[in-house]
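Chain identifiers are assigned alphabetically (A, B, ...) following the order of the sequence lines, protein sequences preceding nucleic acid strands; residue numbering begins at 1 within each chain.
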Amino acid sequence: MFDINLLRTDLAATADWMRESRGYAIDVAAFEALEAERKALQIQTQDLQQQRNTLSKAVGQAKAQKDDARAAELLAEVAALPEKVKANEAALATIQEKINGLLLTIPNMPQRGVPIGKDSEENVEQRRWGTPKAFDFVAKDHVALGEALQAGGAGAQLDFETAAKLSGSRFVVMKGQLARLHRALAQFMLDTHVSEHGFTECYVPYIVNADSMTGTGQLPKFEEDLFKVPMAGDDGVKNRYLIPTSEVSLTNFVRDTIVDAANLPMRLTAHTPCFRSEAGSAGRDTRGMIRQHQFDKVEMVYISKPDESNAMLEEMTGFAETILQKLGLPYRVMLLCTGDMGFGATRTYDLEVWLPAQNTYREISSCSNCEAFQARRMSARFKNAQGKNEPVHTLNGSGLAVGRTLVAILENYQNADGSISIPDVLQPYMGGIATLR
RNA sequence: GGAAGUGUGGCCGAGCGGUUUAAGGCACCGGUCUUGAAAACCGGCGAUAGCGCAAGUUAUCCGUGAGUUCGAAUCUCACCACUUCCGCCA
């Protein structure tokens, strides 16, 4: 949630920065009008409530003293008030809903220092790791490689046809050693984060309610990107949703809570499937498993104190890099420009892995500091040094997208005969085998 | 799915139409005492929002939402969560 105090105290400058950085136009006139109306209405409503409370209390006192005449007099005096109070309360609630609705649709404010730009072309490379392997044959893409691998009588190890029959486009079936490799990757990532990076492993719901989706920012603005799950008995009003990332489940752990400052930073991780309708991406990445309706991801979420959240973002990005390094996959780190950042982010690093067949780097992880944006929506706070409740900062990052990592392994570790070498760190998870064939 | 019960501040727990301005306890913070600590005693101690330069002050909040009433933690209805039992089930 956008910080309303920024709009109240520094409206012009804030609106300028939002326009300059994100190209987002805050409706200044509309906000000012709503605020003025809210202020007048709130003062009036509270005044009426006070009158009613005072008179009602007096009625009680008169009755206690058996002064029926006085009580009747007071009752006559209050008579008209409840109706006025109710009308005012309703009007105030309407205005506050409007203001809240406006606040919920404004994206987060980028940190100063984030490069200004309109799209991914203007992201700024921070560093590279690893050297793309030079193949002495023509590198195949993961689809060709995976479809050529056979899982005995069950057919191709990577099978989009069967998936299409079962579910439609943008789904995949994996079989045999490839399915095992997919599982091995997730296990490896999770194990590394838990035993080497100090994360708490979590198992979380894949279906969440609208409050959770609002908390992390998917709702109300991006409902068309989600799969809606009508729950029996919910009469269509309270839909639930499949998570598009376990960031939603993990971050909402602290919704409506005051976190003990001693427990910060909190490092949470989970391996879950993610479900995205990919509305609006028709025609993009239609081949292969780069962009699916369902994919697995190991997610990292931090709940942090404000003064350390930027350091935590660096740490988290480093942890995602560690996974790629252990897997021996070349990558580069990009600092996203303002125009390419997500709705809730103030600063984001993307990790892009080298894909030989595409002869380019492709996003495999995205690590963001959301600062207090989600915390305000969720009412997630901690007691600061002054003993005051203050919103926490939240961060999230992929560590990593499992499907895309599988793609990277297939393409980077392919051999001339179509077999796939298995990175050393994964072999213990693969029953010791060194090659997929 | 059926039946019964329970939801009150960080925690326990009283209150079941009107000085509730939510008792009491625990925890926590400050002080007295003490060489220091503990104990004892004294005082403080909820959240959210508004108004105000400030001191302050006002409203709302007892699972959630409607309703009854001049007045609701308290009465009515619906919903949600949890507990116990029965049924079904991976």
Side-chain angles (χ1 to χ4, degrees), chain A residues 1-9 31-32 34-104 203 205-215 229-241 252-264 266 372 375-392:
Chain A
M1 175 119 62
F2 206 85
D3 186 355
I4 193 168
N5 286 320
L6 270 177
L7 298 182
R8 283 180 179 154
T9 59
F31 177 78
E32 280 178 328
L34 283 171
E35 255 297 280
E37 199 178 340
R38 188 230 92 219
K39 195 164 174 169
L41 210 45
Q42 184 162 358
I43 291 170
Q44 196 187 358
T45 303
Q46 290 188 359
D47 185 54
L48 287 168
Q49 287 170 326
Q50 188 184 359
Q51 287 178 42
R52 180 204 59 196
N53 292 348
T54 308
L55 286 169
S56 292
K57 201 166 287 180
V59 171
Q61 280 163 358
K63 287 202 170 175
Q65 291 160 14
K66 305 249 190 269
D67 188 348
D68 289 343
R70 177 70 184 141
E73 202 177 296
L74 286 163
L75 280 174
E77 203 178 329
V78 233
L81 273 178
E83 206 175 320
K84 282 190 204 165
V85 168
K86 254 173 214 171
N88 268 270
E89 283 173 345
L92 182 59
T94 304
I95 279 285
Q96 275 171 336
E97 262 168 48
K98 276 188 197 167
I99 292 175
N100 208 37
L102 182 70
L103 249 34
L104 284 172
Y203 174 83
Y206 306 157
I207 296 174
V208 300
N209 57 32
D211 284 344
S212 294
M213 285 296 185
T214 304
V229 183
M231 297 288 269
D234 272 358
D235 69 3
V237 180
K238 289 179 186 168
N239 281 300
R240 321 271 176 106
Y241 301 87
N252 274 282
F253 279 11
V254 295
R255 171 154 56 85
D256 294 321
T257 57
I258 299 174
V259 184
D260 189 342
N263 295 331
L264 300 176
M266 206 182 282
R376 274 191 297 267
R377 289 171 161 251
M378 291 192 300
S379 187
R381 297 152 296 163
F382 76 108
K383 287 222 186 294
N384 65 19
Q386 289 75 45
K388 283 285 174 195
N389 290 336
E390 186 180 339
V392 296

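- Residues A/Glu89 and A/Thr45 share a closest heavy-atom pair of CG-CG2, 3.9 Å.
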Using atom names, set out every protein N or O paired with an N or O of nucleotides 49-51 of chain B below 3.5 Å, distance rounded to 0.1 Å.
residue: B/A49; atom: O2'; partner: A/Gln42; partner atom: NE2; Å: 3.3
residue: B/G50; atom: OP1; partner: A/Arg8; partner atom: NH1; Å: 2.0
residue: B/G50; atom: OP1; partner: A/Arg8; partner atom: NH2; Å: 3.2
residue: B/G50; atom: O4'; partner: A/Gln42; partner atom: NE2; Å: 3.0
residue: B/G50; atom: O3'; partner: A/Arg38; partner atom: NH2; Å: 2.9
residue: B/C51; atom: OP1; partner: A/Lys39; partner atom: NZ; Å: 3.4

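- Judged by closest nucleotide on RNA chain B, A/Arg381 is the one of A/Arg381 and A/Gln51 placed further toward the 5' end.
- Note: CG (A/Asn209) to P (B/G63) measures 20 Å, nearest angstrom.
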For residues 72-86 of chain A, which side-chain N or O atoms pair as donor and acceptor with protein atoms under 3.5 Å away, sequence neighbours left out?
residue: A/Glu73; atom: OE2; partner: A/Arg70; partner atom: NH1; Å: 2.8

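- With sequence neighbours excluded, the residues forming a side chain to side chain contact (heavy atoms under 4.5 Å, CB included) with A/Lys57 are A/Gln61, listed by chain and number.
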For RNA chain B, please output the secondary structure as dot-bracket, reading 5' to 3'. Pairs are Watson-Crick or G-U wobble, both atom distances under 3.5 Å; mark crossing pairs with [ ], other-strand partners with |, unpaired with a dot.
((((((((.[[[..)..(.....]]].(((((.......))))).((((((....)))))).[[[[[..)....]]]]])))))))....
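- Rounded to a whole Å, the NZ atom of A/Lys383 is 18 Å from the P atom of B/A27.
- Following rounding to the nearest Å, A/Gln61 (CD) and B/G17 (P) show an atom-to-atom distance of 19 Å.
- You'll find the side chain of A/Arg381 stays beyond 4.5 Å of the side chain of A/Val392, heavy atoms only.
- Scanning all heavy atoms of the two residues, the minimum distance from A/Ala372 to A/Pro391 falls at CB-CB, 3.9 Å.
- With a 4.5 Å cut-off on side-chain heavy atoms, A/Met1 and A/Leu104 count as touching.
- Sorted by first and then second residue, the side-chain hydrogen bond (donor to acceptor under 3.5 Å, both in side chains) pairs involving residues 253-262 of chain A (not counting sequence neighbours) are A/Ser212-A/Arg255, A/Asn252-A/Arg255.
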Would you list the protein and nucleotides 70-75 of chain B atom pairs, both N or O, that sit under 3.5 Å from each other?
residue: B/C70; atom: O2'; partner: A/Ser56; partner atom: OG; Å: 2.9
residue: B/G71; atom: O4'; partner: A/Ser56; partner atom: OG; Å: 3.1

